[in-house]
Protein chains: 2
Amino acid sequence: MSELTERQKVILSLVVHEYVRTANPVGSKNLVKHYHLDYSSATVRNELAALTEAQYLSQPYTSAGRVPTEKGYRFFVSGLIQMRELPEETRHMIEHQFSQAQQGMDGWIKLAASILADQANAISVVSAPLPNRTRVKYVSLISITSKQILMILVLEGGQMQQRFMFVNETMTQGQLNEIAETLNRMFEGRNSEEIRVTAKHLPSMGNVADEIVRTLLNTLYDTDALQTGEVYTDGINKVLAEPEFSDSEEARRTLRFLDEKPLLQNFLSKTTREQKVGGVQVFFGGDGLLKDIANCSLVVARYGMQGVATGTIGVLGPMRMAYSKNIPTVRFLAGILSDLVSDSSQ
Amino acid sequence: MSELTERQKVILSLVVHEYVRTANPVGSKNLVKHYHLDYSSATVRNELAALTEAQYLSQPYTSAGRVPTEKGYRFFVSGLIQMRELPEETRHMIEHQFSQAQQGMDGWIKLAASILADQANAISVVSAPLPNRTRVKYVSLISITSKQILMILVLEGGQMQQRFMFVNETMTQGQLNEIAETLNRMFEGRNSEEIRVTAKHLPSMGNVADEIVRTLLNTLYDTDALQTGEVYTDGINKVLAEPEFSDSEEARRTLRFLDEKPLLQNFLSKTTREQKVGGVQVFFGGDGLLKDIANCSLVVARYGMQGVATGTIGVLGPMRMAYSKNIPTVRFLAGILSDLVSDSSQ
DNA sequence: GTTAGCACTCAAGGCTTTAGAGTGCTAACG
DNA sequence: CGTTAGCACTCTAAAGCCTTGAGTGCTAAC
């Protein structure tokens, strides 16, 4: 675990930069020429050998150029990286798009996914903000037919759930309004556990009302169970252009991972540990656990209001990705989404 | 345009079947051996030559096997095809999954997309059912903070829209309830045009109420503009396994098309013309218009209640797809979705 | 510590060869 | 006349071979 010299750090940075740019193993001569280094290729060769020895770089085959290893990327991102902030005009452009977008969390999330995929030229992954514990904000009951009821549940954090119910007694909209009013008085701001307890110690308000409370609770349980909400994805076609996905088998594995929503949700829910970079975290190679994305990195941040409702936004691409651009982009978009969440939920 | 003989039809069917199975150009000897034909390969060769002459088949290169042309597939699907209905148990399994699924159109659509992608081993495309003309079923106003209002709009056909509003005056939930009640009395069952006219001839009910009506109208307009609703997609990774997508450029073009929601919506909205097969339609090669999917077919059906709310469900895959299985599958799922729509909206 | 020089390695791309599947045509057969 | 066996011909895909060139490690001199 010996320290690297300054020069070695510089060279490691250059190798990462060059490899990200060209996707080809980078050699000593090339490096000297391209970056006008003031020492010779032989010197660089010695340093490369040292970096390879220390496992920051590897060679695809004997006597080829060098490629950063996972360890190399980790070191680069955690220390050497120089962020390339988004240009002012790009920021304005993005903010403008949000200001014009159809209102509502759903639309914002899709917009964020689309913008991120575009900026990073990779797959973007955005999960909806979810109340950390699901609390009821408002219940609304709507009579669809005489024996059919639509329950709309507005939860803190702006999320909504709907359920259809079939009941045995005929109910008018007026009667439903009354029930809804009662429920709102009792349940507003409560979570599933509190509601369950309250409801147990309550005299029955009639068959239908009981049925409604039962359905409401079930809906809350469902919501609680889904720890990370809906996950939106964009930019799949972008990443197929990358050489690491020209092998369609490789591409399939990555896309399979994206379709496995539970896996993805579980993975995103871990967004807290791992190294942090100004709120943005980077997972390399599926954290060693998910071999479907062993060659990919995920740059991800949590957005929203801590303790109220949070979601995640990130970009998934080959490990050879432009971290110095993607990290600021994710950070910026997470900030925008956070503002939108707190505007609409406090 | 001379008629084909019976034998030619049989042979065309076999070529399609074999090519769908193997993805390799199929030759005369192979055909005779595999299907135990009681005439010789030379005879088959003559027939193949005739079919090629008539443009039902083509040769990738001189003296290779035959491959069905678009015309060949069209003819096969419109006349020769023998449907392979879903086995009883598969149907039950699917119905069971729907009965257990989280209620609500959203969930059903995703489930249908997932099942279809799985059954067809291709990309499934499902659009949400949309009222042919958007009519209001119910308006609900919810006070989020004292100057912020959430409007929930339930439309006929089960669709929902939500909007946040910022207003200048402080409004209590009680006041909002009153306004909502008035709006429901006036607007229930009306579409945007009718509401616009009604609202114009109305005395003002106060600043906030006017603002709410304006927002409601805008929301309706937005909804009207989106002719085909949200489109869900599943099974992208499945199709990458097909040899026609091993060229990643080809795959990218197809996926690009899927990301172009407007294109896709526009295309799905054409589901009415073209050849019909028991309610299911088949588009070959993007109908000549969309060259991004020139090598793909789309098997698609409209579901829902005619004149009330309809959506589309379909499967997109290489033109070399298992039509005899996919068509019944799409038909079956469209039926299930139709039942669900009519259950929840009549 | 740095650098020039040199022999060596090895993938990538181009070229050639080979094998085999498939064709079209002709002539014979019932 | 439709069907079939036989045969010469075509053309791809796969395998093998060669060449090229970027890149290396090592050594010896600066």
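Every chain is numbered from 1 and lettered A, B, ... according to where its sequence line falls, protein lines coming before strand lines. What you are looking at is a predicted structure, and each value in this text was computed from that prediction instead of being measured. These numbers come from the heavy atoms of this one structure, side chains and all, not from hydrogens, waters or symmetry mates.
To the nearest angstrom, C1' of C:dC25 lies 16 Å from CD of B:Glu53. Summarising the geometry, the separation between CD on A:Gln8 and P on C:dT2 is reported as 11 Å, rounded to the nearest angstrom. We find that CD1 of B:Ile11 is positioned 14 Å from C1' of D:dG2, with the value rounded to whole Å. Protein atom CZ of A:Arg7 is 10 Å distant from nucleotide atom P of C:dG1, rounded to whole Å. Whole-Å rounding puts the A:Glu18 CD to D:dA22 P distance at 15 Å. Summarising the geometry, the separation between CG on A:Leu48 and P on D:dG23 is reported as 11 Å, rounded to the nearest angstrom. Distance CD (A:Glu47) to P (D:dG23): 18 Å, rounded to an integer number of Å. If you measure from atom CD of A:Gln59 to atom C1' of D:dA22, you get 13 Å, rounded to the nearest angstrom.
Both tests pass for A:Arg91 against the ring of A:Phe332: distance under 6.0 Å to the centre and angle within 45° of the axis. In this structure, A:Arg252 is not positioned above the aromatic face of A:Phe245 in the sense of NZ or CZ being under 6.0 Å from the six-membered ring centre and within 45° of the axis.
Where A:Tyr39 and B:Asn46 each meet DNA chain C at their nearest nucleotide, the meeting point lying more 5' is that of A:Tyr39.
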### Task
Classify every nucleotide of nucleotides 4-14 of chain C by which part a protein heavy atom approaches to under 4.0 Å, writing B for the base, S for the sugar-phosphate alone and - for neither, in 5'-to-3' order.
BB---BSS---

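Legend: residues meeting side chain to side chain contact (heavy atoms under 4.5 Å, CB included) with B:Gln55, ordered by chain and number and at least two apart, are B:Lys71. For B:Lys325, there are no salt bridge (Lys or Arg N to Asp or Glu O under 4.0 Å) partners, not counting sequence neighbours. Under the rule for a side-chain hydrogen bond (donor to acceptor under 3.5 Å, both in side chains), the partners of B:Tyr35 that lie at least two apart in sequence or sit in another chain are B:His17, B:Glu18.
For B:Glu260 and B:Arg256, the salt-bridge test fails: no basic side-chain N is under 4.0 Å from an acidic carboxylate O.
Checking D:dT24, D:dG25, C:dT2 against every side-chain atom of A:Ala49, the shortest atom distance belongs to D:dG25.
Counting heavy-atom neighbours within 6.0 Å of A:Glu249 CD, excluding the residue itself, gives a total above 12. The number of heavy-atom neighbours closer than 6.0 Å to NZ of A:Lys9, taken from other residues, nucleotides and ligands shown, is above 12.
No donor-acceptor contact under 3.5 angstrom links the side chains of A:Tyr232 and A:Ser124, judged on distance only. Judged purely by distance below 3.5 Å, without hydrogens or angles, the side chains of B:Ser58 and B:Arg66 never pair a donor atom with an acceptor atom.
Within the 4.0 Å cut-off from OP1 or OP2 of D:dT24, at least one side-chain nitrogen or oxygen of A:Arg66 is found.
Shown for residues 20-29 of chain A: residues whose heavy atoms fall under 4.0 angstrom of DNA chain D, namely A:Gly27, A:Ser28.
Between the axis at the start and the axis at the end of the helix from C:dG1-D:dC30 to C:dG30-D:dC1 there is an angle of 20°, using five pairs per end and rounding to 10 degrees.
The backbone N or O of B:Val20 lies less than 3.5 Å from a partner atom in the side chain of B:Arg320, making a donor-acceptor pair.
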